[in-house]
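Residue numbers begin at 1 in each chain, while the letters A, B, ... track the order of the sequences. Below, each value reflects all heavy atoms present in this structure, side chains not excepted, and no hydrogens, waters or symmetry copies. Predicted model, so just to flag it, every value in this text is computed and none were measured.
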There are 2 protein chains.
Amino acid sequence: MNVALNDINQTEITRLRVACSNCNLRELCLPVDLTPDEMTRLEELSNQKRSYATGDYLYRSGDRFKSLHAIRSGSFKTRVLHEDGREQVTGFLMAGEIIGLDAISTDIHTCEALAMEDSEVCELPYSKLAELSREIPSLQRHVHKIMSREIVRDQGIMLLLGSMRAEERLAAFLLNMSQRNAIHGMSATQLRLRMSRLEIGSYLGLKLETVSRAFSHFQDEGLIQVKARAIEILALSKLREMVGK
Amino acid sequence: MNVALNDINQTEITRLRVACSNCNLRELCLPVDLTPDEMTRLEELSNQKRSYATGDYLYRSGDRFKSLHAIRSGSFKTRVLHEDGREQVTGFLMAGEIIGLDAISTDIHTCEALAMEDSEVCELPYSKLAELSREIPSLQRHVHKIMSREIVRDQGIMLLLGSMRAEERLAAFLLNMSQRNAIHGMSATQLRLRMSRLEIGSYLGLKLETVSRAFSHFQDEGLIQVKARAIEILALSKLREMVGK
DNA sequence: CGTTATTTTGAGCTGTTTCAAGCGCCGTGG
DNA sequence: CCACGGCGCTTGAAACAGCTCAAAATAACG
């Protein structure tokens, strides 16, 4: 999956203007109450839509930061790399979510993001977003909220990694995926995971074998039905009990 | 340590105006290049200094969010609580650092912050900060950077929790404390930890006994000298090797 | 339809936790 | 001033969760 090659496709294919006002992710991505005039200006912001094939990098660690990206379709994973080759998956992002917030800090991306399936994103040039959010308070508020939400999310993962055991972590993961599926109007019980056991393990701080065993054990207990990456949740409430809520 | 009681002290004692231009933490807390006029306006922002005794809450989970706080002296820990009583320390914050970013997301604090020693903070009312950062682009940029830096920091902790073993985690912790000590012009090798083994353990996802054993082992290896919470680092470079950098 | 990647499962091993006991330090009260 | 109790820290021994290594089963893919 070559990024340069991909770039060629984009210039050919995705010259379409992106109209936020028509986007069905409007509510998730930039849900601010805007006047018609403000909406017009917002649409000038994100006039670029880009496509990425499975495995393509959206950005790499060390890349110069220019834009945030709103995921329009598909999904990405983000990961941080350690000098010694260790890696940690820090997030799985799906449609409607904003990616790249880490890089505002230093203007350099500190983690990398790759497409887990063929995906599309709206580019949101940071300088324009900053300018616009100086002029539209509700947009400013929203940008702050997005960043703060990311901090809260990360703290939740810290809680998970720091104080839960393997099966609790997996239960929390499944519930999270279920919830986010539901937000997109999809089934809360039928999940089609886009990531491998290895990636889930990295995210949850577990080895892939442990993830696999936990899946099998949940199935034996009648909590879920596992068919490779297709998971059916049979007992949502019992999973909730496992993570203590 | 009663917060109400503490409030009385504040109204008596700390009516002092806070002059950012004279604050020796200026560089850390809000280091933006401002014109004299802008600086004056910034100082109107944070005119409240508050004191907290050891163990006092700066805020609790569920509290309504009004202000961020810049730590002027002392230190705080933040923690998230789980419904089932589980808790996770998510950060140790010291002078010059900004606390409370998690709450912007929902206007409600999702974690709680307590003073680990007698401490002072500058209150930064969020609405004023937002207003001012709409008018001063470099301040806006700085607010974004602070939030982004928090995200990067959290990702680093996720890496630590997800893929390091006990002694690597402790080494990373000591190096981090050393570095932050140095930023404040203090020794990079003489640390006076403000937190217990239990709190370190919670932060690092380890039991307190494991933390204690790791300290002892480091001492046996000649990496550090341990006298309860006073730690002397004897071999910084070896600690760095341990975490692979 | 063969080849490769992913997933499952088993068996043994290891790092971390658990449980338990002892030590040192500090503040309180006799 | 010393005894006492409490708290935080250290240390040991045993238990256990999750890891490693290995192999087989299954799914994905050209």
Can you tell me how far apart [atom1] ([X]) and [atom2] ([Y]) are? Round to the nearest 0.5 Å.
X	Y	atom1	atom2	result
A/Met242	A/Leu174	CE	CG	9.5 Å
A/Leu101	A/Arg149	CG	CZ	10.0 Å
B/Glu120	B/Cys122	CD	SG	8.5 Å

How are the rings of B/His109 and B/Tyr59 set relative to one another: parallel (under 30°), tilted (30 to 60°) or perpendicular (over 60°)?
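Parallel: the ring planes of B/His109 and B/Tyr59 meet at under 30°.
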Whether the side chain of B/His69 engages the backbone of B/Leu124 through a donor-acceptor N/O pair (distance < 3.5 Å, no angle test) should be reported.
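Side chain of B/His69 to backbone of B/Leu124, a donor-acceptor pair under 3.5 Å: no, none is there.
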Closer than 3.5 angstrom, by distance alone: can the side chain of A/Arg86 be matched with the main-chain N or O of B/Ser163 as a donor-acceptor pair?
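Side chain of A/Arg86 to backbone of B/Ser163, a donor-acceptor pair under 3.5 Å: yes, one is there.
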Scan nucleotides 15-19 of chain C against the protein and return all N/O pairs shorter than 3.5 Å with their distances rounded to 0.1 Å.
residue: C/dT16; atom: OP1; partner: B/Ala166; partner atom: N; Å: 2.6
residue: C/dT17; atom: OP2; partner: B/Lys207; partner atom: N; Å: 3.3
residue: C/dT17; atom: OP2; partner: B/Thr210; partner atom: OG1; Å: 2.3
residue: C/dT18; atom: O4; partner: B/Arg213; partner atom: NH2; Å: 2.7
residue: C/dC19; atom: N4; partner: B/Glu209; partner atom: OE2; Å: 3.3

Scan [X] against the nucleic acid and name what it touches under 4.0 Å (heavy atoms): base, sugar-phosphate only, or nothing.
X	result
B/Ser216	sugar-phosphate
A/Arg169	nothing
B/Ser196	sugar-phosphate

Does a nitrogen or oxygen in the side chain of B/Ser212 sit under 4.0 Å from OP1 or OP2 of D/dT10?
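Answer yes for this pair, as a side-chain N or O of B/Ser212 is under 4.0 Å from OP1 or OP2.
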Can you give me the closest heavy-atom contact between A/Cys111 and A/Thr78, atom names plus distance?
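Reported closest heavy-atom pair: SG-CB, 4.3 Å.
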Interatomic distance, [X] [atom1] vs [N] [atom2] [rounded to whole Å]:
X	N	atom1	atom2	result
A/Leu204	D/dG18	CG	P	12 Å
B/Arg229	C/dC26	CZ	C1'	13 Å
B/Leu208	C/dA20	CG	P	15 Å
A/His217	C/dG10	NE2	P	13 Å
A/Arg197	D/dC19	CZ	C1'	18 Å
A/Ile231	C/dT8	CD1	C1'	13 Å
B/Lys227	C/dC26	NZ	C1'	18 Å
B/Ile224	D/dC9	CD1	P	14 Å

